[in-house]
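Throughout, protein chains are lettered first and strands after them, A, B, ... in sequence-line order, and every chain is numbered starting at 1.
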Amino acid sequence: MGSRKNRNFFNSQKVAPYVFVSPFILSFLVLTLYPTIKAFIMSFQNILPGQVTFIGWNNYIRAVKSPTFYIALKNSTIYMVLTVVILVAIPIILAVILDSNLTKFKTFFRSSLFIPSLTSVVVAGIIFRMIFAESDTAVANQVIGWFGLEPMNWRNTGWSAMFLMVLLATWRWLGVNILYFLAGLQNIPNELYESAEIDGANVFQKFTNITLPFLKPIIIFVTTISIIGGFRVFEESFVFWETSSPGNIALTLVTFLYQQGIHQNDMGYGAAVGVIVLLIVFVVSFINLLLSGAFKRSDT
Amino acid sequence: MMRKHKKKIYTALISIFMLIVTLIALFPLISLLVSSFRPASDLFRYGITFNIDFRDLVLENYKYIFTEATLYWKWYGNSLIVSALTIVLSLFFSSMVGYALAVYDFKGRNLLFVIVVFIIMVPFEILMLPLYQLMTSLRLIDTYTGIILPSIISASAVFFFRQYAMGLPMELMDAARIDGSTEYGIFFRIMLPLMAPSLAAMAILQGMFSWNNFVWPLLVIRSSSMFTLPVGLQTLLTPYENNYDVLISGSIMTIVPIVILFIVFQRYFVAGLTTGGVKG
């Protein structure tokens, strides 16, 4: 079959790497690059079955003039800020405790805190819907009852709708972020703590002067993925309310995209919302990286 | 002596604190497990509650799901097929790329890095509608291929494999070349087996992601016999109580395989998550 020359060509160390990466490149072109470009093109189109017309910036103008879009933007932004703060602060504290020499049963605690991350968002939603059910005897209403509060309708109240989404996200991501911070804590040399102790530093001084500066790269990493994830929030809203929540209390940018693009079959408008989400994500992550000094060479 | 005593008190306090945190974190899953033995109609009416009479616990939900709920098992099968195919394909594609990046010096290597970063940066949501259009025109809506295709490239897996492959013994390659082995033979017969731990770590993570994957299957699947578990379970959340037996026992059985995998292969989970993410 194949001549010897041919064989040598494909077998050379110059050609082999390209053969190895070609399936990946091909699928990247078809499944990532093409759809990305297509999304930008679609956002300037009015797409009806069998009839596509270019309408310039109209989809974008429609979005920035729509009050519903701003509700979605507001909800996604609040969700992003809350999840960033909570999912950085709590995991750092728990990771530091788990890393301490004083803590026993480290593996058990670490594994137990990670287990919620294995749960599918749908199953998590099912559980949370039943814990926060309307009934007076559901767990959440029982708990607030101990404090003398009236049972409430968690899924139909503005603030508690946001609370439910953030709580669900916190529950599912806490264990993963603890792992990230634990990995970062391994890089801190023990001698630093020892010499600080000799100098008479207390627990909080050690935390702010040694632990936090060393964890900075990981804090930047976790903050960045939480910002991106925050603006992309969809599932946490969908599992509680599908695509329509009362008074849009849980409408997020991606829920809005889904409503317009899939339910209303207005693909062009949906694509424009998608491009806006992309721009917001890029700008906010960039500002975050700039402010945290991630671009400075000395930090790396 | 005083110091030692003090240390013991701190350890006790920390243990109690961590135990409380752990109990809160595990409460939703424990309560789901306990509730799965309650009558479905109760669950529908009262939700998950502390008022449980343990004498009332029954096996009805499980009996029903194992005898009557054929559709649920169809979903289970779909999820298994989709997860297995995703694992095989994404590992095959990304291990070759990670390996090539680690051991070969070739033109376009930096471009490849740019591509990998690009894949990480672009949110799936922007690709959703064009991909949906693409699948429609390729007539892949409602097929396994349609569900699997977008998840066959995983940039984080490429990073992970590259990291791991850089630690491979390169001398073996030259020795194999002298013995007349081809570049592909070196990879498949010598290097890939050496990469087994990294393959295991990624297999577990990719498996978990695709087992739990929700948004994309929700978009491309139409008929209820093609649903994966998350999509199917979500449709059971109707305002009527007739589905709650399958919903609750079915949720438990969705989690069980992953929790078992996690307990058995814990260190792979940890390695897969932290190496890919932090050092990547």
Side-chain angles (χ1 to χ4, degrees), chain A residues 11 13 16-17 20-21 23-24 27-28 31-32 35-36 38-39 42 94 97 102-104 109 111-113 115-116 118-123 126-127 130-131 133 135 137-139 142 171 174 176 179-180 183-184 218 221 228 232 234-235 239 254 257 261-262 267 270-271 274-275 277-278 281, chain B residues 7 10-11 14-15 18 21-22 25-26 28-29 31-32 43 45-51 93-94 96-97 99-100 104 106 112 115 119 122-123 125-127 129-131 134 149-150 152-153 182-183 208 212 214-215 219 230 233-234 237 247 251 254-255 258-259 262 266 270 273-274 277-278:
Chain A
N11 191 27
Q13 287 178 47
F20 280 125
V21 302
F24 182 79
S27 52
F28 161 74
L31 298 167
T32 309
T36 309
K38 190 75 199 288
M42 282 166 76
L94 290 175
I97 294 177
L102 293 170
T103 310
K104 293 254 163 72
F109 287 131
S111 314
S112 307
L113 291 174
I115 283 181
L118 308 170
T119 317
S120 118
V121 69
V122 172
V123 173
I126 291 168
I127 304 172
M130 289 199 273
I131 287 178
S135 147
T137 52
V139 165
Q142 280 179 310
W171 184 66
L174 190 71
V176 177
L179 285 189
Y180 290 144
I218 313 226
F221 168 77
I228 298 172
R232 292 172 57 186
F234 171 69
E235 296 172 324
V239 296
V254 179
L257 182 161
I262 303 291
M267 291 262 205
V275 172
V277 173
L278 179 78
V281 166
Chain B
K7 259 192 176 170
Y10 279 136
T11 303
I14 288 173
S15 302
M18 287 308 290
V21 173
T22 306
L26 291 182
L29 291 172
S31 67
L32 180 76
L43 217 69
R45 234 166 283 151
Y46 308 119
I48 289 176
T49 168
F50 284 128
N51 304 347
F93 281 20
S94 44
M96 288 197 303
V97 180
Y99 171 78
Y104 292 107
F106 57 100
L112 204 61
I115 288 175
I119 296 172
V122 174
E125 287 68 25
I126 192 173
L127 309 177
L129 299 177
L131 273 177
L134 183 69
L149 265 186
I152 60 172
I153 48 172
T182 65
E183 295 300 312
M208 185 179 89
N212 290 340
F214 178 56
V215 180
L219 268 178
L233 287 174
Q234 180 72 23
L237 274 172
L247 181 70
S251 297
T254 304
I255 306 172
I258 302 192
V259 174
F262 172 69
Q266 222 193 100
V270 177
L273 275 170
T274 45
V278 179

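- Proximity to chain B is limited to the side chain of I97(A), based on heavy atoms less than 4.5 angstrom apart.
- With contacts defined as side-chain heavy-atom distances shorter than 4.5 Å, the pair S120(A)/F214(B) does not qualify.
- Counting heavy-atom pairs closer than 4.5 Å to chain A, the top-ranked of the candidates V122(B), I119(B), T254(B), V259(B) is I119(B).
- Interface remark: of the candidates A100(B), A25(B), P150(B), A25(B) forms the most heavy-atom pairs closer than 4.5 Å to chain A.
- Taking 4.5 Å as the limit, every side-chain heavy atom of L131(B) sits out of range of all side-chain heavy atoms of K38(A).
- Contacts between T22(B) and chain A at a heavy-atom distance below 4.5 Å involve backbone atoms as well as side-chain atoms.
- Heavy atoms of Y10(B) lying under 4.5 Å from chain A belong exclusively to its side chain.
- Between chain B and the options A271(A), P116(A), P23(A), G270(A), the largest number of non-hydrogen pairs under 4.5 Å is found for P23(A).
- Options N212(B), L247(B), I48(B) differ in how many heavy-atom pairs under 4.5 Å they form with chain A, and the most are formed by I48(B).
- Comparing S15(B), S251(B), P28(B) by how many heavy-atom pairs each has under 4.5 Å with chain A, the most go to P28(B).
- Side-chain contact between V97(B) and F20(A) is absent, with no heavy atoms from C-beta onward closer than 4.5 Å.
- L174(A) places a side-chain heavy atom less than 4.5 Å from the side chain of L94(A).
- For a residue to count as touching a neighbouring chain, one of its non-hydrogen atoms must lie under 4.5 Å from one of that chain's; by this rule F234(A) touches chain B with the side chain only.
- Residue V21(A) touches chain B through both its backbone and its side chain, counting heavy-atom pairs closer than 4.5 Å.
- Most heavy-atom pairs under 4.5 Å with chain A, from the set V215(B), I115(B), L149(B): that is I115(B).
- Only the side chain of I255(B) comes within contact range of chain A, judged by heavy atoms closer than 4.5 Å.
- Both the backbone and the side chain of E183(B) come within less than 4.5 Å of a heavy atom of chain A.
- Within the 4.5 Å cutoff, the side chain of V21(B) has no heavy atoms near those of the F109(A) side chain.
- Of all the listed residues (P17(A), A133(A), G274(A), A138(A)), the one sharing the greatest number of non-hydrogen pairs under 4.5 Å with chain B is P17(A).
- Residue L129(B) touches chain A through both its backbone and its side chain, counting heavy-atom pairs closer than 4.5 Å.
- S27(A) pairs by the side-chain hydrogen bond (donor to acceptor under 3.5 Å, both in side chains) definition with nothing, not counting sequence neighbours.
- With a 4.5 Å cut-off on non-hydrogen atoms, M18(B) touches chain A through its backbone and its side chain both.
- Only the side chain of Q142(A) has a heavy atom closer than 4.5 Å to any heavy atom of chain B.
- Between S111(A) and F262(B), some side-chain heavy-atom pair lies under the 4.5 Å cut-off.
- Taking the side chain as every heavy atom from C-beta outward, I127(A) and L29(B) approach each other to under 4.5 Å.
- Across V122(A), V123(A), I126(A), a single residue satisfies side chain to side chain contact (heavy atoms under 4.5 Å, CB included) together with V239(A), and that is V122(A).
- Checking side-chain atoms of S135(A) against main-chain N and O of G47(B) turns up no donor-acceptor pair under 3.5 Å.
- Most heavy-atom pairs under 4.5 Å with chain B, from the set K104(A), R232(A), M267(A): that is R232(A).
- In this structure the side chain of V277(A) never reaches within 4.5 angstrom of the side chain of E125(B), judged on heavy atoms.
- Contact of L127(B) with chain A is made through backbone and side chain together, with heavy-atom distances under 4.5 Å.
- At distances below 3.5 Å, not a single donor-acceptor pair connects side-chain atoms of T49(B) with backbone N or O atoms of V139(A).
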